[in-house]
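Just so it is clear, the values below take in all heavy atoms, side chains as well, and ignore hydrogens, waters and symmetry mates. Since the structure is predicted, the reported quantities are computational estimates derived from the model, not experimental observations. Below, chain A is the first sequence line, B the second, and so on; all start at residue 1.
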There are 2 protein chains.
Amino acid sequence: MTEKQEKIIWSALELFAEFGFDATSTSKVAKKAGVSEGLIFRHFENKEGLLMAIMNQGIERATGYFNEIIKINDPAERIKQALSLPFLIDESENRFWKLIYALKWQRGSYDDSMADELKKSLAEAFNALGYDHPYAEAELVQVFIDGVATEALLKGKASEQLLEIILNKYRLT
Amino acid sequence: MTEKQEKIIWSALELFAEFGFDATSTSKVAKKAGVSEGLIFRHFENKEGLLMAIMNQGIERATGYFNEIIKINDPAERIKQALSLPFLIDESENRFWKLIYALKWQRGSYDDSMADELKKSLAEAFNALGYDHPYAEAELVQVFIDGVATEALLKGKASEQLLEIILNKYRLT
DNA sequence: CATAAAAGTGAGTAATCACTTACAAATGTA
DNA sequence: TACATTTGTAAGTGATTACTCACTTTTATG
């Protein structure tokens with residue numbers, strides 16, 4: 001990975017996250033990266049390839065977080081850590097998540113597989129705790145995570161009180 | 001509102017919701033509406049104006065739903081109906097909500113005011129029920145609504161089990 | 001009917017789009 | 001050193017973009 005290649009990816013992520021993929025031209029990416037426009041196509045073939053390169057990089061780090069939660073053996077603690085996820089997002093990764101959430105709504109590119117393993121392991125945890133509908137419970141946790149992450153990414157803050165309240169409802173405090 | 005004007009709005013909503021605002025050209029809207037491209041600009045001034053016309057129409061109907069919930073006097077019933085909202089969305093309004101949720105992630109266009117009154121009335125309901133943190137509880141309901149609506153809009157349908165479970169957590173079943 | 005306003009068209013516009021190409025500079029390897 | 005490969009650039013390409021304009025058709029009103 002060349003220095004300029006990294007610069008292109010970083011600039012593209014910035015712009016895609018702020019203005020959207022379709023509203024960001026390759027010429028703007030090149031300008032921001034301080035690079036000729038042609039270089040983008042040399043390294044990434046086309047605009048879509050540039051997006052894929054960004055996504056692959058981000059997904060790698062994200063699955064890292066997910067796997068650490070899946071690894072937790074105590075079911076209650078696993079659920080608690082999953083619910084805490086949106087509060088633990090590093091600020092440096094905000095741009096990536098903003099892009100992920102924005103892309104969900106476009107181009108039929110909706111792909112949930114990244115969080116599937118986590119959901120499965122949450123269902124197992126709820127099952128171990130004797131819940132009646134472990135899979136639906138896992139889905140609810142995911143809904144909460146997505147909802148809080150959305151609020152945090154859009155409004156800049158996520159109130160810790162929300163986490164407290166939801167943990168209370170699961171009696172995990 | 002002319003017949004062709006309505007046709008333009010309907011076609012634009014279809015395309016904006018499916019492909020995104022930025023990825024949809026005015027020429028495609030005109031073609032889908034069976035209308036000359038110039039007519040779009042005659043009626044709506046520019047592409048942004050077309051979007052605003054769509055939004056105003058949708059927001060009007062949405063606030064109608066919200067106000068019916070706000071009207072409910074019994075606090076428990078009000079909360080229950082609010083939580084049920086994403087399951088009551090008429091299929092004909094899917095496109096509008098898809099557009100709303102997609103636009104949230106576009107720069108500058110994020111506007112939460114539409115649901116603000118509902119949130120306030122939910123906080124009052126939680127307060128009447130003696131909850132410790134009524135405003136945060138209302139926020140959690142909103143997170144749930146947004147999360148379930150997102151799932152329903154993207155994956156097709158939201159499982160009724162989710163509603164059951166969450167109602168159970170509030171002891172509203 | 002007369003005539004003005006509104007609705008609608010089709011052929012433009014300059015700017016920008018994603019992408020290509022021909023070629024130069026830097027780098028790796030012998 | 002020699003030379004092939006990779007990295008990089010500048011100036012293009014045709015297609016498409018949002019939008020305009022000169023014009024015709026339809027509708028409303030006295």
Which two nucleotides bound the region of DNA chain D that has atoms under 4.0 Å from heavy atoms of chain A, read 5' to 3'?
D:dT7 to D:dT9
Check the interface with nucleotides 18-22 of chain C: list each N/O to N/O pair with the protein under 3.5 Å, or write none.
| residue | atom | partner | partner atom | Å |
| --- | --- | --- | --- | --- |
| C:dA18 | OP1 | A:T24 | O | 3.4 |
| C:dA18 | OP1 | A:K47 | NZ | 2.9 |
| C:dA18 | OP2 | A:T26 | N | 2.8 |
| C:dA18 | OP2 | A:T26 | OG1 | 3.1 |
| C:dC19 | OP2 | A:K47 | N | 2.8 |
| C:dC19 | N4 | A:E37 | OE1 | 3.3 |

Can you tell me how far P of C:dA7 sits from CD1 of B:I40, to the nearest Å?
15 Å
Ionic contact status for B:E137 with A:K169, cut-off 4.0 Å
yes
With no hydrogens and no angle check, do the side chains of A:E37 and A:S27 hold a donor and an acceptor under 3.5 Å apart?
no
To the nearest angstrom, how far is B:M1 atom CE from C:dG8 atom C1'?
17 Å
Can you see if the side chain of B:H43 gets near the phosphate of C:dA6 - specifically, an N or O under 4.0 Å from OP1 or OP2?
no
Checking A:K28 now: which residues fulfil salt bridge (charged side-chain N to carboxylate O under 4.0 Å, His left out) with it, not counting sequence neighbours?
none
Salt bridge (charged side-chain N to carboxylate O under 4.0 Å, His left out) with A:R61: which residues, sequence neighbours excluded?
A:E93
Of all residues at least two apart in sequence or in a different chain, which pass the salt bridge (charged side-chain N to carboxylate O under 4.0 Å, His left out) check with A:K155?
A:E151, B:D112
Who pairs with A:N168 by side-chain hydrogen bond (donor to acceptor under 3.5 Å, both in side chains), at least two apart in sequence or on another chain?
none
Going by heavy atoms in the side chains, are B:L88 and B:Q81 under 4.5 Å from each other?
yes
Quick check on C:dT9: is either OP1 or OP2 less than 4.0 Å from any side-chain nitrogen or oxygen of B:K4?
yes
Is the charged tip of A:K47 near the ring of A:F41: under 6.0 Å from the six-membered ring centre and within 45° of its axis?
no
